[in-house]
Amino acid sequence: MNLEEYTYYRTGSTKIPVVIRNMFFKPFISSSLKSFWKFWNPTWGYFLLFYCYKPIKTIFPAWVALIATFIVSGLAHDIIYIIPMMIKEIKFVFPFITVWFFIISIGILLSEYLQINFRKTNLKFRPIFHLSYLIITFILTRFIDLLIAKLI
């Protein structure tokens, strides 16, 4: 499956305005925490699926591949600001997004294990659950960040 086919599969279109709209709409009405990420940013998702998740999954169990994929994604996001900050000030820079994505991946695995989904939840309320999860995991990550800052 090439990128165009994958984008169409995830968003229902290859037209940029429709892809962008669906990229921000479909995740929030998805039926689970795991399916949220299948719709979020299909271009980045394509890269992660075919060049990270699937190769790791050939060696390790799916749960390890999922965690590793979220960590790789977090590192890619963190690199953008960590390297310039470390060049400017030679000190530890907390990899916030990597830790946040790690926590998100643990939550996804727990929700899958506990069979938590939103299939029976009205579409209007699903965004509340997804946003709440993102906010709660963000706050938890910030708490860890502040805790580590006190220790260093």
Side-chain angles (χ1 to χ4, degrees), residues 1-83 85 93-148:
M1 179 179 291
N2 64 32
L3 177 58
E4 185 176 5
E5 293 166 337
Y6 182 81
T7 301
Y8 184 83
Y9 174 69
R10 291 292 178 216
T11 64
S13 180
T14 55
K15 295 180 177 142
I16 299 299
V18 177
V19 168
I20 292 171
R21 184 192 72 222
N22 287 345
M23 183 175 87
F24 290 108
F25 176 72
K26 280 189 171 186
F28 288 99
I29 62 164
S30 62
S31 61
S32 70
L33 295 177
K34 188 175 183 178
S35 65
F36 177 95
W37 296 101
K38 289 181 179 180
F39 295 112
W40 190 261
N41 195 343
T43 305
W44 183 234
Y46 176 85
F47 170 79
L48 291 171
L49 177 65
F50 289 103
Y51 296 102
C52 190
Y53 180 79
K54 284 188 174 189
I56 294 170
K57 192 177 163 195
T58 62
I59 301 167
F60 297 101
W63 67 270
V64 172
L66 185 124
I67 291 171
T69 301
F70 269 82
I71 289 172
V72 166
S73 181
L75 286 169
H77 285 76
D78 277 332
I79 284 286
I80 294 167
Y81 75 92
I82 286 179
I83 290 177
M85 287 180 74
V93 179
F94 183 72
F96 189 92
I97 298 172
T98 303
V99 173
W100 185 28
F101 283 15
F102 171 74
I103 293 169
I104 288 171
S105 70
I106 298 301
I108 290 169
L109 292 172
L110 281 172
S111 71
E112 292 290 304
Y113 178 76
L114 298 172
Q115 298 178 350
I116 297 170
N117 64 58
F118 313 127
R119 287 186 190 100
K120 295 180 181 177
T121 305
N122 187 311
L123 290 177
K124 294 176 189 174
F125 296 110
R126 290 181 186 184
I128 295 168
F129 294 118
H130 290 294
L131 280 171
S132 297
Y133 181 70
L134 292 172
I135 290 167
I136 289 166
T137 56
F138 184 89
I139 291 169
L140 178 58
T141 307
R142 182 66 176 138
F143 175 77
I144 294 168
D145 180 13
L146 294 172
L147 188 64
I148 289 174

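Since the model is a prediction, treat every value here as computed from it, not as a measurement. Start at 1 with the first residue, then count along the sequence.
In this structure, CG on Leu134 lies 8.0 Å from CH2 on Trp40, to the nearest 0.5 angstrom. The CZ atom of Phe39 lies 11.0 Å from the CZ atom of Phe25; values are rounded to the nearest 0.5 Å.
Taking the side-chain contact (heavy atoms from CB on, under 4.5 Å) definition, one finds that Ala68 meets it with Ile56, sequence neighbours left out. Partners of Phe50 by ring pair (Phe, Tyr, Trp, His ring centres under 6.0 Å), not counting sequence neighbours, listed by chain and number: Tyr46. For Ile83, the side-chain contact (heavy atoms from CB on, under 4.5 Å) partners two or more places apart in sequence, or in a different chain, are Ile79, Ile87.
Counted within 6.0 Å of OH on Tyr81, heavy atoms from surrounding residues, nucleotides or ligands total more than 12; the atom is thus considered enclosed.
Pairs of residues two or more places apart, or lying in two chains, that qualify as side-chain hydrogen bond (donor to acceptor under 3.5 Å, both in side chains) and include a residue from residues 106-133 are Ser30-His130. Pairs passing the side-chain hydrogen bond (donor to acceptor under 3.5 Å, both in side chains) check and including a residue from residues 51-63, sequence neighbours excluded, do not occur. Legend: salt bridge (charged side-chain N to carboxylate O under 4.0 Å, His left out) pairs involving residues 136-146, not counting sequence neighbours, sorted by first then second residue: Arg142-Asp145. Among residue pairs with one or both ends in residues 25-40, none qualify as salt bridge (charged side-chain N to carboxylate O under 4.0 Å, His left out); sequence neighbours excluded. Among residue pairs with one or both ends in residues 68-77, those qualifying as side-chain hydrogen bond (donor to acceptor under 3.5 Å, both in side chains) are Trp44-Ser73; sequence neighbours excluded.
Using cut-offs of 30° and 60° for the angle between ring planes, the Phe129 and Phe118 rings count as parallel.
The side-chain heavy atoms of Thr141 and Phe94, taken from C-beta on, include a pair separated by under 4.5 Å.
When every heavy atom of Pro27 is checked against every heavy atom of Phe36, the shortest pair comes out as O-CD1, 3.1 Å.
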Could you give the side-chain donor-acceptor pairs of residues 95-109 under 3.5 Å, partners two or more places apart or in another chain?
{"residue": "Thr98", "atom": "OG1", "partner": "Gly74", "partner atom": "O", "Å": "3.2"}
{"residue": "Thr98", "atom": "OG1", "partner": "Leu75", "partner atom": "N", "Å": "3.1"}
{"residue": "Thr98", "atom": "OG1", "partner": "Asp78", "partner atom": "OD2", "Å": "2.5"}
{"residue": "Trp100", "atom": "NE1", "partner": "Thr137", "partner atom": "OG1", "Å": "2.8"}
{"residue": "Ser105", "atom": "OG", "partner": "Phe102", "partner atom": "O", "Å": "2.6"}

